[in-house]
Amino acid sequence: MKRMPTQGLPATDVLTALESLRANDVDWRNGRAFSLAYHAGPEAIALAEEAYRRFSGENALSTDAFPSLKTMQADVVSMTRDWLGATADSAGFMTSGGTESILMIVKAARDQFRHSRNITKPNVVLPTSAHAAFEKACAYFDVEPRRSPVGTNWRAHADGMRELIDENTILLVASAPQYPQGVIDDVPSIANLALEHGINCHVDACMGGVTLAYLARLGEPIPPWNLAVDGVTSMSVDLHKFGYTSKGASVVMYANKMLRSFQGFVTDNWLGGFYASSGALGTKSGGSIASAWSVMHHLGDDGYLDLTRRARRATVALADHIDQHDDLALRVRPDATLLSFGARDSSSLNIFAVADQLRTRGWYVDRQQPPDSLHCTVNAIHHDKINLFVADLDEAVALTKSNQRQGSVGQYGNLE
Ligand SMILES: *Cc1c(COP(=O)(O)O)cnc(C)c1O
């Protein structure tokens, strides 16, 4: 078992040891990860890291002490407004990530409807494709999740959700795009259903919040998906994904300040005086805030447009290859920059064994089910990597088929 060294080590030795721990990590800086990490180029990474370093010790728990962080957070939230179709009434907060954004949405809806309708046993109606973070939120805040089936091509539609709604339903969820298959749900029908019942509708755009606006500008047929749709009451967008900033940055945006007011927490019921926080965290590093502020200013609208173009081209190239493959089945044509595929015939090809083969060749892809599938989140770094990847993918498929290997499902997150 590891023990603290009795005498401290020189910083250079510590850094050497730290680097050696990386030996088996996926090489995301060279585009080997189709999940978990995003890369807009060496300059953007260097800026993200430098800004993080400069503000890593600052604490956004008190913006009285650090007004710089108040300004930066307000700027960051404001710079997402056009992406999200926000109006003059919309109001948001920065959070530490998609999970915190979603936790806060569920908590805010719970408190709002306890207050306005005295709902004490609330439920949320959400498609089977909505992110696992909603299950976490429901478990944390004692809200019942009611999962509705997705419609054709994995897209959720109000029709699947309507019958699950009752007088205790507080929130409907749509995703743009949903994570597992990368398609955009029918947001207008779901938001309209929420309006009919006078309840909230959250659009989880943790993935698409940055890219969809640019994809539309690039001529892709993007259906309505944001706060411009009547009935949408909140959105989430992760800056540490396609915003290409350091980890620990997301924005949750509400249609108005009344809705947002249920997110915060205040107390004076302890010996430490008045305490207030906007989200789940107490101490909140200035690093991720400064990093997001800096990267967004550095990349700008034209930068994000170009990065989105590259990510989309790579996605389409990969989707085309899989679509034409004799042994692989693309689940559905991707709407944005995420896709999923499995074996055409799962009795002759174990798709998780293909993932094992890819891992030995240095590639990391997600494994998911049901149905047994691999998942790729394609970002700008992949624009010149797809040829390399599909060559290895083809080899991995051929090898797996010939030796009938079995693989294991693995997991998207874990407990250690
Ligand atoms: C990533 C993701 C989340 C969760 O966000 P984290 O940043 O991992 O906490 C939620 N919803 C969707 C659609 C996502 O892609």
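Only heavy atoms go into these numbers, but all of them, side chains included; no hydrogens, no water, no symmetry mates. Counting begins at 1 with the first residue of the sequence. Keep in mind it's a predicted model, so treat the numbers as computed, not measured.
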Kindly compute the distance separating NE2 (His382) from SG (Cys376), expressed to the nearest 0.5 Å. 8.0 Å

Has the side chain of His115 got a donor or acceptor atom that lies under 3.5 Å from a matching backbone atom of Gln112? no

Does any part of the side chain of Ile105, heavy atoms only, come nearer than 4.5 Å to the side chain of Val173, both counted from C-beta? no

Do the side-chain N and O atoms of Asp366 and Tyr179 include a donor-acceptor pair separated by under 3.5 angstrom? yes

Which value, rounded to the nearest 0.5 Å, describes the distance between Ile170 atom CD1 and Ile199 atom CD1? 8.5 Å

Got Arg260 and Lys257 here, is their nearest side-chain heavy-atom distance under 4.5 Å? yes

If you draw a 6.0 Å radius around CG in Asp384, do more than 12 non-hydrogen atoms from other residues or ligands fall strictly inside? yes

Can you confirm whether Asp82 is buried at CG, in the sense that more than 12 heavy atoms of other residues, nucleotides or ligands lie under 6.0 Å from that atom? no

Are more than 12 heavy atoms from other residues, nucleotides or ligands located less than 6.0 Å from atom CZ of Arg147? yes

With distance as the sole criterion, is a donor-acceptor pair present between the side chains of Ser101 and Ser250 under 3.5 Å? yes

Just by distance, with hydrogens left out, do His131 and Ser175 show a side-chain donor and acceptor under 3.5 Å apart? no

Which side-chain N or O atoms in residues 60-69 pair as donor and acceptor under 3.5 Å with protein atoms at least two apart or in another chain?
from, atom 1, to, atom 2, distance (Å)
Ser62, OG, Asp64, N, 3.3
Ser62, OG, Ala65, N, 3.2

Measure the spacing between CD1 of Ile165 and NE2 of His197 and express it to the nearest 0.5 Å. 4.0 Å

Heavy-atom neighbours of Tyr275 OH exceed 12 at 6.0 Å: yes

Pair Arg162-Glu196, salt bridge (charged side-chain N to carboxylate O under 4.0 Å, His left out): steps then yes or no: CA-CA 10 Å; Arg162 192 179 300 273; Glu196 272 175 39; 3.4 Å; yes

Counting only heavy atoms from other residues, nucleotides and ligands, does the tally under 6.0 Å from CD of Glu19 exceed 12? yes

Atom NZ of residue position Lys136 - does it have more than 12 heavy atoms of other residues, nucleotides or ligands inside 6.0 Å? no

Between Arg81 (side chain) and Thr87 (backbone), is there a donor-acceptor pair under 3.5 Å? yes

I need the Ile102 CD1 to Cys206 SG distance, nearest 0.5 Å. 4.5 Å

Side chain to side chain donor-acceptor pair (under 3.5 Å) between Ser236 and His202, worked out: CA-CA 8 Å; Ser236 45; His202 181 73; 2.9 Å; yes

Flag the pair Asp323 and Arg333 as a salt bridge only when some basic side-chain nitrogen lies within less than 4.0 angstrom of an acidic carboxylate oxygen. yes

With a 4.5 Å heavy-atom cut-off, do Val210 and Tyr244 have their side chains touching? no

Worked verdict on Leu171 versus Phe113 for side chain to side chain contact (heavy atoms under 4.5 Å, CB included): CA-CA 10 Å; Leu171 173 68; Phe113 286 96; over 6 Å; no

Provide the full list of ring-ring contact (aromatic ring centres under 6.0 Å, His included) pairs with a residue in residues 276-297, sequence neighbours left out, each pair given once. Trp293-His297

Val390 versus Leu318: any side-chain heavy-atom pair under 4.5 Å? yes

Using distance alone, with no hydrogens and no angle criterion, decide if Asp301 and Tyr214 have a side-chain donor and acceptor under 3.5 Å apart. yes

For the residue pair Met253 and Val237, establish whether any side-chain heavy-atom pair is separated by less than 4.5 Å. no

Basic-acidic side-chain contact under 4.0 Å: Arg54, Glu50: yes

Shortest non-hydrogen separation from Thr211 to Met207 and the atoms involved: OG1-O, 3.9 Å

Quick check: does any side chain N or O of Asn379 sit under 3.5 Å from a backbone N or O of Ile381, one acting as donor and the other as acceptor? yes

Should Asp356 and Arg359 count as an ion pair when the cut-off is N to O under 4.0 Å? no

Please answer whether the main-chain N or O of Ala174 pairs with a side-chain N or O of Asp185 as donor and acceptor at a distance below 3.5 Å. no

Taking atom CG of Asp345 as the centre, does the number of heavy atoms from other residues, nucleotides or ligands within less than 6.0 Å exceed 12? yes

Any Asp335 side-chain heavy atom under 4.5 Å of Ile222 side chain: no

Verify the distance criterion only: is there a donor paired with an acceptor across the side chains of Gln263 and Tyr254 at less than 3.5 Å? yes

Check the pair Trp83 / Met79 against side chain to side chain contact (heavy atoms under 4.5 Å, CB included), numbers first and verdict last. CA-CA 8 Å; Trp83 295 341; Met79 283 189 279; over 6 Å; no

Can you see which heavy atom on Leu215 is nearest to which on Ala336, and at what distance? CD1-CA, 3.7 Å

What one should report as the nearest heavy-atom pair of Ala311 and Ala380 is CB-N, 3.8 Å

Please examine the side chains of Arg110 and Phe262, heavy atoms only from C-beta on, and report whether any two atoms are closer than 4.5 Å. no

Side chains of residues 122-130: which donor-acceptor partners sit under 3.5 Å, not counting sequence neighbours?
from, atom 1, to, atom 2, distance (Å)
Asn123, OD1, Thr169, OG1, 2.7
Asn123, ND2, Asp166, OD1, 3.0

Taking Pro180's backbone N and O only, do any of them form a donor-acceptor pair with Gln368's side chain (distance below 3.5 Å, no angle check)? yes

What heavy-atom pair brings Ile322 and Ala329 nearest, and what distance separates the two atoms? CG2-C, 4.2 Å

Side-chain donor/acceptor of Asp238 to backbone N/O of His240, under 3.5 Å: no

Could you give me the CA-CA distance, side-chain angles and deciding distance for Asp326 and Arg344, then say whether side chain to side chain contact (heavy atoms under 4.5 Å, CB included) is met? CA-CA 8 Å; Asp326 287 341; Arg344 268 185 209 246; 5.6 Å; no

Gap between atom OG of Ser278 and atom CE of Met94 - 0.5 Å precision: 10.5 Å

May I ask you to decide if Ala292's main-chain N or O and Thr245's side chain share a donor-acceptor pair within less than 3.5 Å? yes

Backbone N or O of Arg361 within a donor-acceptor pair of the Arg32 side chain at under 3.5 Å? yes

Flag if over 12 foreign heavy atoms under 6.0 Å of NZ, Lys247: yes

Has the side chain of Asn200 got a donor or acceptor atom that lies under 3.5 Å from a matching backbone atom of Ala109? no

For Arg29 and His39, what are the C-alpha separation, side-chain angles and deciding distance, and is it a side chain to side chain contact (heavy atoms under 4.5 Å, CB included)? CA-CA 7 Å; Arg29 287 180 180 79; His39 194 321; 4.1 Å; yes

Ser246 side chain to Ser291 side chain, donor-acceptor N/O pair below 3.5 angstrom: yes

For a 4.5 angstrom cut-off between non-hydrogen side-chain atoms, does Trp363 reach Leu393? no

Got a donor-acceptor contact below 3.5 angstrom from the Arg331 side chain to the Gln181 backbone? no

Could you measure the distance from the OG1 atom of Thr267 to the CZ atom of Phe274? Nearest 0.5 Å is fine. 9.0 Å

Over all atoms of both residues, closest heavy-atom pair of Leu47 and Ser294: CD2-O, 3.5 Å

